[in-house]
There are 2 protein chains.
Amino acid sequence: MTSRQARGLRGDLFDPQCPTRRLLDRIGTKWTSMVVKVLGEAGSEEIRFADLRRQIPGVSQKMLSVTLRSLTRDGLVARRVEPTVPPKVHYRLTDLGRSLETPLAALRDWAETNMAAIDLANSTAETDDGPA
Amino acid sequence: MTSRQARGLRGDLFDPQCPTRRLLDRIGTKWTSMVVKVLGEAGSEEIRFADLRRQIPGVSQKMLSVTLRSLTRDGLVARRVEPTVPPKVHYRLTDLGRSLETPLAALRDWAETNMAAIDLANSTAETDDGPA
DNA sequence: CTGGATCCGAAATGATACTG
DNA sequence: CAGTATCATTTCGGATCCAG
């Protein structure tokens, strides 16, 4: 291992170990932000696998499973199994997961405010009919 | 090619009102956040392609080009060409791009604060043994 | 110097079937 | 119901070559 971390590399977005880069790698995956959002809106209430899937249209069983396992491993989501037949598995955000909601909400807010501008920029670039 | 625009038949067709997903698609790509950060730290100063590349260790010429083109098309980055020989191309954040810095900084702050907890959760889960 | 075009391998995603 | 395994497809990222 390098000693770069010990050098106080916190802001170094360029290091593969940079926390921001790694965080973006995680929440940048297709379904993660949606899962966090759905679980976040549920507050401290738990949601079952099937319900979660129903609330995230388009997600496959596999990808939801993969996403949840990743989030659980990261300590952002808590998983509780009811050993019944058939089994029921409940998910909820941990405190750590809930703490992510604030910056994620800021990003969401920015997105909702500015995606229209981005779309406009895209359509403008396509037609290239900017002001003469 | 319109790789991002021409795909809307499956992924986000059901979710046209969630721009967050699309934003994360963009800033989640490997080099975007780095480019935004470098350009952001430069303030309103422009940075040339080669300088940008030098400040982002590991980025290939192609990916920097692709990333910049994407950001430019999105209206987050402004591109100015000096028609000299050899040509010089300068980049800087637009106002829209700079506005993204705030939520991005919030995310960065969260990452720097909490990635250690995520790493801890991971190592705990891996051994499933827990520290005695 | 800039950056587009193309080929290739790796990783993410998705569809389907199967297990406990 | 929840989750895994397998296979096919798509996308991403990197290397290289080529053009203005």
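Below, chain A is the first sequence line, B the second, and so on; all start at residue 1.
Ion pairing of A:Arg108 with A:Glu112 is absent here, as no side-chain N (NZ or NE/NH1/NH2) approaches a carboxylate O to less than 4.0 Å. Look at A:Asp95 and A:Arg98 and you find a salt bridge, because one of the NZ, NE, NH1 or NH2 atoms lies within 4.0 Å of a carboxylate O, short of that distance.
Looking at heavy atoms from C-beta onward, A:Val59 lies out of side-chain contact with A:Thr67 at the 4.5 angstrom threshold. Under the 4.5 Å side-chain criterion, counting only non-hydrogen atoms from C-beta, A:Val66 is not in contact with A:Trp31.
Distance from the side chain of A:Thr29 is smallest to C:dT13 among C:dG4, D:dA2, C:dT13. Comparing C:dC1, D:dG3, C:dT13 by their nearest atom to the side chain of A:Ser65 picks out D:dG3. Between C:dG3, D:dT4, D:dG3, one nucleotide has an atom nearer to the side chain of B:Phe49 than all others, and that is C:dG3. Taking the side chain of A:Lys30 as heavy atoms from C-beta on, and the options D:dC1, C:dA17, C:dT13, the nearest nucleotide is C:dT13. Set against D:dA2, D:dG13, C:dT2, the side chain of B:Met63 has D:dG13 as its closest nucleotide. Out of D:dA5, C:dT2, D:dA2, the shortest distance to the side chain of A:Arg48 is found at D:dA2. Of the candidates C:dC1, C:dG14, D:dG13, D:dG13 carries the atom nearest the B:Trp31 side chain, counting heavy atoms from C-beta on. The side chain of B:Gln61 has C:dG4 as its nearest neighbour among C:dT2, C:dG4, C:dA15. In this structure, of D:dG3, D:dA2, C:dG3, it is D:dG3 that holds the atom nearest to the side chain of A:Arg79.
Note: CD1 (A:Ile27) to C1' (C:dA12) measures 17 Å, nearest angstrom. For the pair B:Lys88 NZ and C:dG3 P, the computed distance is 14 Å after rounding to whole Å. Atom CG of B:Leu24 is separated from atom P of C:dA12 by 16 Å (rounded to the nearest Å). For the pair A:Arg53 CZ and D:dC1 P, the computed distance is 11 Å after rounding to whole Å. In this entry the distance linking CG of A:Asp51 with C1' of D:dA2 reads 12 Å, nearest Å. The distance between atom NE2 of A:His90 and atom P of D:dA2, rounded to the nearest whole Å, is 8 Å. Distance B:Leu64 CG to D:dC12 P: 17 Å, rounded to the nearest Å. Rounded to an integer number of Å, the gap from B:Arg73 CZ to C:dG4 P is 11 Å.
No side-chain N or O of A:Thr102 forms a donor-acceptor pair with one of B:Trp110 less than 3.5 Å apart.
Of the residues near DNA chain D, A:Pro87 and A:Lys62, the one whose nearest nucleotide (by heavy atom distance) lies more toward the 5' end is A:Pro87.
Checking the phosphate oxygens (OP1, OP2) of D:dC1, no side-chain nitrogen or oxygen of A:Tyr91 falls inside 4.0 Å.
Atom CZ of A:Arg79 is separated from atom CZ of A:Arg69 by 9.5 Å, given to the nearest 0.5 angstrom.
Using modelled atom types, no side-chain atom of A:Thr72 and backbone atom of A:Ala78 make a donor-acceptor pair closer than 3.5 Å.
Each end of the helix from C:dC1-D:dG20 to C:dG20-D:dC1 gets its own rotation axis from five pairs of C1' atoms, and the angle between them is 40° to the nearest 10 degrees.
Pairing each heavy atom of B:Leu96 with each of B:Asp74, the nearest pair is CD2-O, 4.0 Å.
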